[in-house]
Amino acid sequence: MRKLFALTLAMSPLLACAKLPVVASFSIVADVAREVGGERVEVVSLVAPDQDAHVFQPSPADVRKLAAAKVFVVNGLGFEGWMARLSKSAAFKGLTVTAAAKVKPLAMAEPEEHDDHHGHDHDHGKQDPHAWHNPQNVVLYAEAMAAGFAKADPEGAAYYRQRAQAYKAQLMELDGWAAKSFAAIPVARRKVLTSHDAFAYLAARYQLRFMAPQGVTTDAEASAKGVAALIRQVRKEKVGAVFFENMADRRLLDQLSREAGVKVGGKLYSDALSVSPEAATYLQLFKTNVGALVAAMK
């Protein structure tokens with residue numbers, strides 16, 4: 001018995017090392033991957049919390065991380081403009097899981113007054129990639145990851161499926177709570193001004209209207225003409241909810257709120273988790289965003 005116990009202890013580090021090595025493109029998909037993968041996976045996120053995936057430039061260290069992985073989890077829908085280049089540099093031969101593969105994408109809203117987009121690396125094309133702002137889409141993320149992990153680690157298939165189902169239940173509960181919360185606000189008051197146009201899926205799911213001085217990428221610069229038009233619109237429509245984002249420069253929004261006479265209501269979490277406890281996981285991020293929006297719209 002003692003020998004068996006000693007052998008078990010000796011093997012435990014080996015078992016720990018046997019976790020499925022997963023690289024995730026950014027913090028939100030990394031969190032979902034950890035929820036689905038549990039103890040059987042080791043997840044590394046390339047873009048850290050509070051960092052902007054739109055302007056991310058892979059380093060040699062990132063190339064090494066991906067080269068050592070068995071699974072690469074990405075959002076898809078054009079969100080990671082650097083993904084193909086990184087995979088090629090790492091000579092990655094593992095499995096790439098596209099979390100949003102089964103999401104029905106929203107078309108990108110065409111910016112009318114501000115079209116100063118720079119950097120082809122971050123051009124999303126005509127699909128809006130920010131699908132995670134609808135929890136029903138994150139259910140699809142979890143299912144895609146469970147299937148991908150099972151393919152890379154067949155022995156864990158039932159485990160991944162079970163964890164995805166448990167996570168799905170949490171997501172649907174959150175969705176129901178959000179729908180009920182927004183239903184208490186008249187539709188005419190569900191207007192928000194924020195840093196960049198990242199919340200179309202949230203808007204579509206809960207009948208909200210978001211306005212932004214920037215386009216859909218944070219490396220776009222809002223034109224003076226666009227800012228002036230937005231100020232007029234905010235005044236005309238009496239927008240009450242004004243927010244900045246956790247990985248964005250808030251100076252432009254401060255200018256907008258000052259000139260339009262609207263107070264900045266706080267922070268929204270859009271494209272990244274945060275080291276702050278209020279958005280350290282996707283579930284926390286979503287709950288924090290909805291709570292802040294509802295409070296500002298009342």
Side-chain angles (χ1 to χ4, degrees), residues 25-32 47-56 74-81 99-100 103-119 121-138 141 178 182 190-222 226 230 239 241-250 252-253 256 264-274 278-279 282 284-293 296:
S25 58
F26 72 116
S27 57
I28 291 173
V29 294
D31 178 61
V32 179
V47 185
D50 289 317
Q51 299 299 311
D52 188 355
H54 289 295
V55 296
F56 174 70
V74 300
N75 182 76
L77 299 179
F79 184 69
E80 302 93 342
V103 167
K104 185 178 180 181
L106 294 176
M108 194 73 73
E110 291 294 330
E112 295 176 8
E113 300 288 349
H114 44 278
D115 53 3
D116 301 313
H117 288 260
H118 305 290
D121 246 8
H122 314 292
D123 180 11
H124 297 314
K126 294 183 179 179
Q127 294 180 327
D128 188 328
H130 305 89
W132 58 85
H133 287 299
N134 179 346
Q136 294 179 351
N137 288 336
V138 182
Y141 281 32
F182 284 121
R190 299 181 203 169
K191 298 172 185 174
V192 187
L193 175 65
T194 190
S195 316
H196 91 285
D197 191 13
F199 295 97
Y201 289 89
L202 189 73
R205 174 70 187 96
Y206 306 109
Q207 289 185 278
L208 313 179
R209 186 176 173 203
F210 282 84
M211 290 166 268
Q214 289 177 307
V216 78
T217 68
T218 52
D219 62 342
E221 295 177 6
L230 200 55
V239 175
V242 183
F243 291 88
F244 64 96
E245 296 167 40
N246 62 313
M247 77 304 162
D249 186 336
R250 63 173 287 176
L252 175 61
L253 206 60
L256 274 166
V264 175
K267 180 190 296 184
L268 290 181
Y269 296 91
S270 58
D271 293 3
L273 299 182
S274 177
E278 65 182 14
Y282 170 76
Q284 291 166 333
L285 173 151
F286 187 82
K287 192 168 185 179
T288 295
N289 282 349
V290 171
L293 289 167

Nearest heavy-atom contact between Ser27 and Leu273 is OG-N, 2.9 Å

Distance check, rounded to the nearest 0.5 Å: Asp128 atom CG versus Phe199 atom CZ?
11.0 Å

Taking atom CG of Asn289 and atom CD of Gln284, what is their separation to the nearest 0.5 Å?
12.0 Å

Looking only at heavy atoms, which two atoms of Val47 and Asp52 are closest? And how far apart?
CG1-C, 4.1 Å

Check: Glu80/Ser25 side-chain N/O donor and acceptor closer than 3.5 Å
yes

Please check if the side chain of Trp132 supplies one atom and the backbone of Ser270 the other of a donor-acceptor pair under 3.5 Å.
yes

Hits for side-chain contact (heavy atoms from CB on, under 4.5 Å) against Ala279, two or more places apart or cross-chain, chain-then-number order -> Tyr269, Ser274, Leu285

Sidechain-backbone polar pair: Arg190 side chain, Tyr206 backbone, donor-acceptor under 3.5 Å
yes

Between Ala53 and Phe26, what is the shortest heavy-atom contact and its length?
CB-CB, 4.3 Å

For Tyr201, the side chain to side chain donor-acceptor pair (under 3.5 Å) test, sequence neighbours excluded, returns none

Report the C-alpha distance between Val74 and Phe79 in whole Å, list the side-chain angles of each, state the deciding distance to 0.1 Å, and finish with yes or no for side chain to side chain contact (heavy atoms under 4.5 Å, CB included).
CA-CA 9 Å; Val74 300; Phe79 184 69; over 6 Å; no

According to salt bridge (Lys or Arg N to Asp or Glu O under 4.0 Å), who are the partners of Lys287, at least two apart in sequence or on a separate chain?
none

Can you name the closest pair of heavy atoms from Leu106 and Ala204 and give their distance?
CD1-CB, 4.2 Å

Taking every heavy atom of His133 against every heavy atom of Ala198, the minimum-distance pair comes out as CD2-O, 3.2 Å

Quick one: does Asn137's side chain have a donor or acceptor within less than 3.5 Å of a partner on Ala131's backbone?
yes

If the plane angle is over 60° it's perpendicular, under 30° parallel, otherwise tilted; pick one for His54 and His130.
tilted

Between Gln207 and Ala203, is there a donor-acceptor pair closer than 3.5 Å when you use the side chain of the first and the backbone of the second?
no

Once rounded to the nearest 0.5 Å, what's the spacing between atom CZ of Phe182 and atom CG of Leu293?
5.0 Å

I need the Ile28 CD1 to Tyr141 OH distance, nearest 0.5 Å.
8.0 Å

